[in-house]
Amino acid sequence: MLDHVGLDVADYEGSKAFYVPVLQTLGIELLMEPAPLIGGFGYRSDSKPFFWIATRERAPQSGVHVAFAAGSREIVDAFHAAAMAAGATDNGGPGVRELYHPNYYGAFVLDPDGNNVEAVSHSAA
């Protein structure tokens, strides 16, 4: 099991403006900014960031795939809508992906750096 994942981003403030409303649809919040241009996201109830973004003195990642668990198909839909409103590029709208299993319902968007960000629900409804 992974403890956390981090992405180097080209523009911290721009990526933060993208991720805050998009991850909010999943109940994930910006929990801390322990240093300039570094932010950690997680569930308020855990108080532990598990998704980090940062702008540092190296190139940003691009082409990474990160999938966030969603509690329902409606939440996947809300994630996709929020991402599109925040300027994402559609990389696969909400829908069943039977390739993975019959109840795999996901939506894919590209973040400001071109990373493939997904919300997925595994429930039947």
- Message: I'd like to know if Lys48 pairs up with Asp3 as an ion pair, taking the criterion as any Lys NZ or Arg NE/NH1/NH2 lying under 4.0 Å from an Asp or Glu carboxylate oxygen.
- Response: yes
*asked:* What verdict does the side-chain contact (heavy atoms from CB on, under 4.5 Å) test give for Asn116 and Leu110, after you've listed the backbone C-alpha separation in whole Å, the side-chain angles of each residue and the deciding distance to 0.1 Å?
replied: CA-CA 5 Å; Asn116 186 21; Leu110 299 179; 4.2 Å; yes
Do the side chain of Asp8 and the main chain of Arg56 share a donor and acceptor less than 3.5 angstrom apart?
no
Fill in: Cluster link Leu23 to Ile38, ILVMFWY, side chain under 4.5 Å
no
Are the side chain of Asn115 and the backbone N or O of Val64 linked by a donor-acceptor pair below 3.5 Å?
yes
Donor on one side chain, acceptor on other, Glu74 and Tyr105, under 3.5 Å:
no
ask   = Is there side-chain contact between Ile53 and Phe41, with heavy atoms separated by less than 4.5 Å?
value = yes
**Report entry** Atom CD of Gln24: over 12 foreign heavy atoms under 6.0 Å
**Finding:** no
- Query: So Phe50 and Phe68, would you call those rings parallel, tilted or perpendicular, with 30° and 60° as cut-offs?
  - Reply: tilted
Checklist entry - Hey, is the main chain of Tyr12 close enough, under 3.5 Å, to the side chain of Ser15 for a donor-acceptor pair? => result no
| said: Looking at Thr55 and Val9, would you say the former's side chain and the latter's main chain have a donor-acceptor pair under 3.5 Å? | reply: yes
The complete set of ring pair (Phe, Tyr, Trp, His ring centres under 6.0 Å) pairs with one or both residues in residues 74-103, sequence neighbours excluded, reads Tyr100-Tyr104, His101-Tyr104, His101-His122
Notebook entry, point to check: Heavy atoms, side chains only, cut-off 4.5 Å: are Asp111 and Leu7 in contact?
Noted result: yes
